[in-house]
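Read through the structure below, which is laid out as C-alpha cells, and then see the notes.
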2 protein chains.
Amino acid sequence: MSFVHPDREQIDLSAVLHALSDPQRRLIVSELAQSDVPRPCGSFAPTISKSTRTHHFRVLREAGLVEQWKEGTSKMSRLRRDDIDARFPGLLDSVLGTVVAGAG
Amino acid sequence: MSFVHPDREQIDLSAVLHALSDPQRRLIVSELAQSDVPRPCGSFAPTISKSTRTHHFRVLREAGLVEQWKEGTSKMSRLRRDDIDARFPGLLDSVLGTVVAGAG
DNA sequence: TGCATGATACGACGATCATCGAACTTTGTG
DNA sequence: CACAAAGTTCGATGATCGTCGTATCATGCA
C-alpha cells in the first residue's frame, strides 16, 4: 500500500474532527466500528456515488481514522480505533455513541 | 438576549464537530472551560480581527457550545458544558484534553 | 486476449468557510 | 451632546468542501 497513512503521533485533532463532522463519513466509521471484519469500500454508503465514496475514504484515511489496503480488486478498510483511542481518549466512543442521535 | 441558542435536544453533532474542528474556536472553548467566570468576547483570541471573532462566536453559539448575553457594551460568553455533556457524554472532555496536543 | 469488477483521477459545479477592512450600531461616560 | 469602547453587519476574496459524471486504471477470470 502506498496511500497516505499518518503515524499515530501525526494524527491531527482538527483533521479528525473535520472528518467526523460529515454525516456520511460518520456513518462509514460507525459501520466500521460495529464489525471487526474488514470490508471493501463499495459495501458502505450505497446511496452516494463511487467517486464521492472514494473522496470520503481518502478524507478518513488522511485524517488517520481508517487504514486501507488492497485485496484483489477490492480495497479493504479498517478503523484505527487503537490509534485514535490512544491519541484522543474517549473521542471515538462519544462520537459513535451518538451517531444516530446526533444526526437528527 | 435574542440570539440563536439551540435547545439541548436540538444540538446537532455535525455542527458541534464542525465548530470544534477549527483551532481558533477550540482555543476559545478551551479558555472558556478553564474558568467559570464569564468573559467578554474581546478578551479571547486577540490575534484575529474583531469581525472574525464575531464569526467564530456565532458558529459556537449556533452549534450550542456557547451561551451569550449582553452586559453593558460587552457580550459575555459561557460554555454550555452541562448541555454538551448531557447530549454527547465525554466529547468535550476528550477534545479539551488534547487541545494543545492535537494542534501540533 | 477480452471482459467484468472495484476503485481512482480528473475536472466541474454550487456551496460553504475563514478571514479581512470599513462602516455602522449600541452602550456607557464625560 | 460628543466621544470612546465593544460588537455587528456588509461585502469581498481566496480556499476548501461535498457531490457528480466520465474516463481511466488495476485486478481477476474465462
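Below, read A as the first sequence line, B as the second, and so on, with proteins coming before strands; counting in each chain starts at 1.
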Would you indicate which nucleotide in [options] comes nearest to any side-chain atom of [X]?
{"X": "B:I48", "options": "D:dT19, C:dC20, C:dA7", "value": "C:dC20"}
{"X": "A:T73", "options": "C:dA9, D:dG7, C:dG6", "value": "C:dG6"}
{"X": "B:P40", "options": "C:dA18, D:dG7, D:dC20", "value": "D:dG7"}
{"X": "B:H18", "options": "C:dA18, D:dG18, D:dG7", "value": "C:dA18"}
{"X": "A:R25", "options": "D:dG18, C:dA18, D:dG21", "value": "D:dG18"}
{"X": "B:H55", "options": "D:dG21, C:dA9, C:dA18", "value": "C:dA18"}
{"X": "B:S51", "options": "C:dT19, D:dT9, C:dT8", "value": "D:dT9"}
{"X": "A:H56", "options": "C:dT19, D:dC20, D:dT19", "value": "D:dT19"}
{"X": "A:K70", "options": "D:dT19, D:dA26, C:dT19", "value": "D:dA26"}
{"X": "A:S49", "options": "D:dG7, D:dC20, C:dA9", "value": "D:dC20"}

Take the protein atom [atom1] of [X] and the nucleotide atom [atom2] of [N], then report the distance between them rounded to whole Å.
{"X": "A:E62", "N": "D:dC17", "atom1": "CD", "atom2": "C1'", "answer": "14 Å"}
{"X": "B:E71", "N": "D:dA6", "atom1": "CD", "atom2": "C1'", "answer": "13 Å"}
{"X": "B:F3", "N": "C:dT25", "atom1": "CZ", "atom2": "C1'", "answer": "13 Å"}
{"X": "A:L27", "N": "D:dG18", "atom1": "CG", "atom2": "P", "answer": "15 Å"}
{"X": "B:W69", "N": "D:dT8", "atom1": "CH2", "atom2": "P", "answer": "14 Å"}
{"X": "B:M76", "N": "D:dG7", "atom1": "CE", "atom2": "C1'", "answer": "13 Å"}
{"X": "A:D22", "N": "C:dC17", "atom1": "CG", "atom2": "P", "answer": "13 Å"}
{"X": "A:K75", "N": "C:dT8", "atom1": "NZ", "atom2": "C1'", "answer": "8 Å"}

Task: Flag for A:S14-B:R26: side-chain donor and acceptor within less than 3.5 Å - done: yes
- [ ] With DNA chain D as reference, determine whether A:Q24 or B:R58 sits nearer its 5' end, using the nearest nucleotide of each.
- [x] B:R58
TODO: Starting from the 5' end of DNA chain D, give me the residue, A:G72 or A:V59, whose nearest nucleotide shows up first.
DONE: A:V59
Task: ILVMFWY network linking A:L96 to B:L17, side-chain heavy atoms under 4.5 angstrom - done: yes
- [ ] Identify whether any heavy atom of A:S74 sits under 4.0 Å from a base atom; if not, whether one sits that close to sugar-phosphate; answer base, sugar-phosphate or nothing.
- [x] sugar-phosphate
Open item on the list: Between the side chains of A:E67 and A:R80, is the shortest nitrogen-to-carboxylate-oxygen separation below 4.0 Å, so that they form an ion pair?
Closed with: no
Task: Salt-bridge contact A:D93-A:R81 (side-chain N to carboxylate O under 4.0 Å) - done: yes
Task: Check: A:K50 side chain, C:dA7 base, donor-acceptor under 3.5 Å - done: yes
Task: Student check: side-chain heavy atoms of A:I28 and A:Q24 closer than 4.5 Å - done: no
Task: Sub-4.5 Å side-chain heavy-atom contact between A:H18 and A:R25 - done: yes
- [ ] Determine: side-chain N/O of A:T54 to OP1/OP2 of C:dT8, distance under 4.0 Å, yes or no.
- [x] yes
